[in-house]
Amino acid sequence: MADKLKLSWYQNDNVAEVSKMLLGKILCTNIDGIVTKGKIVETEAYSGYNDKASHANNHKKTKRNAVMFGPGGYAYIYLCYGIHHLFNVVTNVEGSAEAVLIRGIEPIEGVELMMKRRNMKRPEKRLTGGPGVLSQALGIQTSFYGEALDGDTIWIEDNEPIEDDLIVTTTRIGVEYAEEDALKPWRFYIKENAWVSNF
DNA sequence: GTTATGATTTACT
DNA sequence: GTAAATCATAACG
């Protein structure tokens, strides 16, 4: 069995690199004594410096994103549209508001429970193929906010790294000529994986 | 105290 | 393909 990633593992000053390395790792939760696991297949990096999409843009510190300003290795849960829980992993050291958004996972363990939670009547692809639903499938709630990822409730297990050939890095659309303003290719996913969202 | 907004999902035409 | 749902957070008065 793979080892739990240590908090220091996340405290890398290159968010994009952490995002890349998170691909293929195993995200685990332990809710009510039941463990569910899923392989991370899609991630997205967020920085508090130059990413307009980030809640921590321009070092804007609020109560909600405060955890992102802390040291890496903690869970940042954000409730979007009032319904969807988005799960982020805080990276980098204290003072740098950077995080990795987990966008897609491939169910490994506890699949039936996931479907039960989601009350799935839909194709399996939608079970965890999206940032909002994967959180729900794993039972992630707002009470996970600020949880350390080396605890017994939620953690990430190490796994064999994904080959570079299988990692797809995407840039934003229509930014080729606007290199200065364009955000870096900070979206990563595993090639030819059915659980990647939005395709 | 009140209002505007969003890192999305789902359903329907 | 497009449109609507829905609520916690943040900013403003």
Side-chain angles (χ1 to χ4, degrees), chain A residues 10 14-20 22-23 27 29 38 40-70 72-92 96-107 111 114-147 149 154 156 168-175 181-190 193-199:
Chain A
Y10 303 95
N14 189 338
V15 183
E17 201 178 306
V18 176
S19 306
K20 213 164 147 185
L22 274 174
L23 289 175
L27 176 64
T29 59
I40 298 172
V41 297
E42 188 176 2
T43 63
E44 191 169 331
Y46 280 86
S47 166
Y49 293 96
N50 224 0
D51 195 348
K52 218 166 76 179
S54 172
H55 289 152
N57 187 35
N58 270 344
H59 293 180
K60 199 160 45 176
K61 189 172 182 181
T62 66
K63 226 176 189 176
R64 173 172 58 172
N65 64 27
V67 110
M68 277 205 283
F69 286 83
Y74 289 84
Y76 171 48
I77 316 293
Y78 165 64
L79 189 63
C80 184
Y81 278 67
I83 321 170
H84 310 292
H85 295 81
L86 273 59
F87 173 68
N88 303 254
V89 178
V90 180
T91 66
N92 215 327
S96 290
E98 295 186 326
V100 178
L101 170 68
I102 310 296
R103 288 187 62 97
I105 62 167
E106 172 186 333
V111 180
M114 294 183 196
M115 292 183 68
K116 226 171 191 174
R117 279 197 185 114
R118 282 265 48 203
N119 212 353
M120 287 298 289
K121 339 157 189 173
R122 289 272 170 213
E124 286 185 0
K125 279 181 189 173
R126 297 213 162 181
L127 181 60
T128 57
V133 293
L134 82 83
S135 303
Q136 210 160 11
L138 290 177
I140 293 174
Q141 325 160 15
T142 49
S143 58
F144 283 67
Y145 181 93
E147 281 285 323
L149 295 180
I154 181 166
I156 298 177
V168 180
T169 307
T170 65
T171 52
R172 286 204 171 169
I173 304 166
V175 294
D181 259 45
L183 298 176
K184 290 134 198 163
W186 277 356
R187 196 171 287 173
F188 309 94
Y189 60 89
I190 298 179
N193 190 296
W195 300 96
V196 172
S197 67
N198 262 346
F199 232 156

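Order of the sequence lines fixes the chain letters, A, B, ..., with proteins taken first and strands second; residue numbering starts at 1 for each chain.
Distance CD1 (Ile83(A)) to C1' (dT5(B)): 14 Å, rounded to an integer number of Å. Rounded to a whole Å, the NE2 atom of His84(A) is 11 Å from the C1' atom of dC7(C). In this entry the distance linking NZ of Lys60(A) with C1' of dT9(C) reads 12 Å, nearest Å. Rounded to whole angstrom, the span from the CG atom of Leu134(A) across to the P atom of dT8(B) amounts to 12 Å. In this structure, the CD1 atom of Ile77(A) is 16 Å from the C1' atom of dT8(B), given to the nearest Å. When the P atom of dT9(B) is taken as reference, atom CG of Asn119(A) falls 17 Å away, rounded to whole Å. If you measure from atom NZ of Lys63(A) to atom C1' of dA10(C), you get 12 Å, rounded to the nearest angstrom. Atom CG of Asn65(A) and atom C1' of dA11(C) are 14 Å apart (whole Å).
Closest contact between the side chain of Val133(A) and the listed nucleotides dT8(B), dA10(C), dT9(B) involves dT9(B). Considering only side-chain atoms of Tyr78(A), the nucleotide from dT8(B), dA11(C), dG6(B) that sits closest is dG6(B). Distance from the side chain of Leu101(A) is smallest for dA7(B) among the nucleotides dA7(B), dA11(C), dT10(B).
The shortest side-chain heavy-atom distance between Leu101(A) and Tyr78(A) does not fall under the 4.5 Å cut-off. The shortest side-chain heavy-atom distance between Ile154(A) and Leu149(A) falls under the 4.5 Å cut-off. Using a 4.5 Å heavy-atom threshold, the side chains of Tyr10(A) and Ile156(A) count as touching.
Using a 5.5 Å limit on the distance between ring centres and a 30° limit on the angle between planes, the aromatic ring of Tyr81(A) does not count as stacked on the six-membered base ring of dA5(C).
Counting non-hydrogen atoms under 4.0 angstrom, Phe87(A) reaches nothing in the nucleic acid. If you check every strand for non-hydrogen atoms under 4.0 Å, Leu79(A) touches sugar and phosphate atoms only.
Atom CZ of Phe144(A) is separated from atom OG of Ser135(A) by 10.0 Å, given to the nearest 0.5 angstrom.
OP1 or OP2 of dT9(B) has not a single side-chain nitrogen or oxygen of Arg118(A) nearer than 4.0 Å.
The two residues Cys80(A) and Leu86(A) make their nearest non-hydrogen contact at CB-CD1, 3.8 Å. The nearest pair of heavy atoms linking Ile40(A) to Thr43(A) is CG2-CG2, 3.5 Å.
Test Gln136(A), Glu106(A), Met114(A) against Thr128(A) for side-chain contact (heavy atoms from CB on, under 4.5 Å) and you get one pass: Met114(A).
For DNA chain B, if you chain together Watson-Crick or G-U pairs that step i with j, i+1 with j-1 and so on, the runs of at least three with distances under 3.5 Å are B:1-6 with C:7-12, B:8-12 with C:1-5.
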